[in-house]
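First comes the structure, then the notes that go with it.
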There are 2 protein chains.
Amino acid sequence: MDENNEKYQQMLSTSLELFAKFGYKKTTVEDVATSINMTKGNLYFYVKNKKDLYEKTIDFALNQWKDFVNDAVNKEKDVVSKFRILAQKSIEYIENNRTVQTILINDPSIFTLSSTEDRFYNTNVSAMNIIKKILEQGIEEKMFFPVDVEHITEYLFSVYIMFLIKSYVKSDNSSLKKMFSEGLELTIRGLLLK
Amino acid sequence: MDENNEKYQQMLSTSLELFAKFGYKKTTVEDVATSINMTKGNLYFYVKNKKDLYEKTIDFALNQWKDFVNDAVNKEKDVVSKFRILAQKSIEYIENNRTVQTILINDPSIFTLSSTEDRFYNTNVSAMNIIKKILEQGIEEKMFFPVDVEHITEYLFSVYIMFLIKSYVKSDNSSLKKMFSEGLELTIRGLLLK
DNA sequence: CCATTGAACAAATCATTTAAATGTTCAGGA
DNA sequence: TCCTGAACATTTAAATGATTTGTTCAATGG
């Protein structure tokens, strides 16, 4: 089966909306199938089971997010700008995407803060690679302190996940934006040489 | 009722062990009462209900933790040493306390990353005050960059909670210590002037 | 008055059953 | 390769009653 199959993409896109609207339990495989004029039997040609459908759907959503950020970062040249754009666009995407917000609220375990039980490991690894490449560029260009790239990447990604949890999983927004920007400046000062 | 009442302290100490051993549901108020030669009716002289008993118990545990860290910090004079000791002792305490570890694993929501629904708000505020006082001293002594104290305090506390979640709520220990120390150095560089 | 008892009562939990809904498989066909 | 539809397997929901557990409170003694 071709991963770029149109029907397959349509299925993921539709099931994303349904899972967001009704949650995992209330969304039936029949709901998803009929929404795209498919029988539920046929849906099993594309996925192993309901859980697999769900995970492929979330993975699809996370990849869209990652691509959006990656494209924006690649438009910048200066390494500090890249870092700022990375932070800004990551937040901007979710702020403007009610569907993904709802998904995160319904299923906080998507961002589990634990890589060993991470169902979206591959996608998160490629998201972390965006950070990693910026750090490497910064160190290469003598702009950044020569940090331990692997561990600081993991650290920054975890801090980012923490913000997402505080913002969307819990709806704690009191002065969170200020905390985010102050934390960002602290981090940039910690990264910069001199 | 006196909060420093010996029977009351004994009750909290005993129920901490029982809640750690059996979890909230499997621990009955009668278990707690009989463990300290009390009838369950009498226990209601000290607490409103089972939930109240649980929260007073956790609060008791968190305060012991906080006091341990605070005492260690107050032995230092240099502001950077204070900051390092704060980080070190916070982790050391939980590393050596199997009981509190188990409590955290059984009830991840104790560290909720959300201050609005925080059942232990007062205790966490006084924990944050330890950070806040160090930041203020550092800025006063011209050692630290003049950061926004309120928001950076909240930021650092959240990062700390994130580490606790990664360490104890989830059992993800692969290179976590390295990540912690690298993140700590990054933060200290971000705090220091010059 | 403070701390305690024990019995009565209210509420939650558990085990079990049964019906309905939903998830999954698969032989066969376009 | 992609799809159908019916058969089958599994999960969920609701209902019931028994049992445990949580909570209240009048009475009691230090």
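Note that this is a predicted model, so its numbers are computed, not measured.
Electrostatic pairing of Glu17(A) and Lys21(A) does not count as a salt bridge here, judged by no charged N lying under 4.0 Å from a carboxylate O. Using a 4.0 Å cut-off between charged side-chain N and carboxylate O, Glu95(A) and Lys177(A) make a salt bridge.
Distance OH (Tyr8(A)) to P (dT1(D)): 16 Å, rounded to an integer number of Å. The distance from atom NZ of Lys51(A) to atom P of dT24(C) is 11 Å, rounded to the nearest whole Å. Rounded to an integer number of Å, the gap from NZ of Lys26(B) to C1' of dT20(D) is 11 Å. Rounded to whole angstrom, the span from the CG atom of Leu43(A) across to the C1' atom of dT4(D) amounts to 13 Å. The distance between atom CE of Met11(B) and atom C1' of dA3(C), rounded to the nearest whole Å, is 13 Å. We find that CG of Asn49(B) is positioned 9 Å from C1' of dG22(D), with the value rounded to whole Å. Atom C1' of nucleotide dT22(C) and atom CZ of Phe22(A) are separated by 16 Å, given to the nearest angstrom. Between the P atom of dT24(D) and the NZ atom of Lys50(B) lies a distance of 15 Å, rounded to the nearest Å.
The side-chain contact (heavy atoms from CB on, under 4.5 Å) check on Ser35(A) picks up Thr14(A), Leu18(A), with sequence neighbours excluded. In this structure Asp52(B) satisfies the side-chain contact (heavy atoms from CB on, under 4.5 Å) test together with Val47(B), Lys48(B), Asn49(B), Lys56(B), sequence neighbours excluded.
Rounded to 10 degrees, the angle separating the terminal axes of the helix from dC1(C)-dG30(D) to dA30(C)-dT1(D) is 60°, with each axis obtained from five end pairs.
With values rounded to the nearest 0.5 angstrom, Ile103(B) atom CD1 is found 5.0 Å from Leu16(B) atom CG.
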Sequence neighbours excluded and cut-off under 3.5 Å, please list the side-chain donor-acceptor pairs for residues 125-135 of chain A, or say none.
| from | atom 1 | to | atom 2 | distance (Å) |
| --- | --- | --- | --- | --- |
| Ser126(A) | OG | Lys66(A) | NZ | 3.4 |
| Ser126(A) | OG | Asn122(A) | O | 3.4 |
| Ser126(A) | OG | Thr123(A) | O | 3.0 |
| Lys132(A) | NZ | Glu150(A) | OE2 | 3.0 |

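Across residues 30-41 of chain B, Lys40(B), Gly41(B) each have a non-hydrogen atom less than 4.0 Å from an atom of DNA chain D (numbered order).
Sorted by first and then second residue, the pairs that involve residues 74-98 of chain B and meet ring pair (Phe, Tyr, Trp, His ring centres under 6.0 Å), not counting sequence neighbours, are Trp65(B)-Tyr93(B), Phe68(B)-Tyr93(B).
Of the candidates dT24(C), dG22(D), dC3(D), dC3(D) carries the atom nearest the Lys7(A) side chain, counting heavy atoms from C-beta on. In the set dT4(C), dG22(D), dT1(D), the nucleotide with an atom closest to the side chain of Phe45(A) is dT1(D). Picking from dC3(D), dT4(C), dC2(D) the nucleotide with the shortest atom distance to the side chain of Tyr46(A) gives dC3(D). In this structure, of dT22(C), dT4(C), dC2(D), it is dT22(C) that holds the atom nearest to the side chain of Thr28(A).
For the OP1/OP2 pair of dC2(D) and a distance below 4.0 Å, the side-chain nitrogens and oxygens of Tyr44(A) include no atom meeting the criterion.
If you check every strand for non-hydrogen atoms under 4.0 Å, Asn42(B) touches a base.
Checked by atom type, the side-chain pair Glu6(A)/Gln10(A) shows no donor-acceptor distance below 3.5 Å.
Both tests hold for Lys50(B) against Tyr24(B): distance to the six-membered ring centre under 6.0 Å, angle to the ring axis within 45°.
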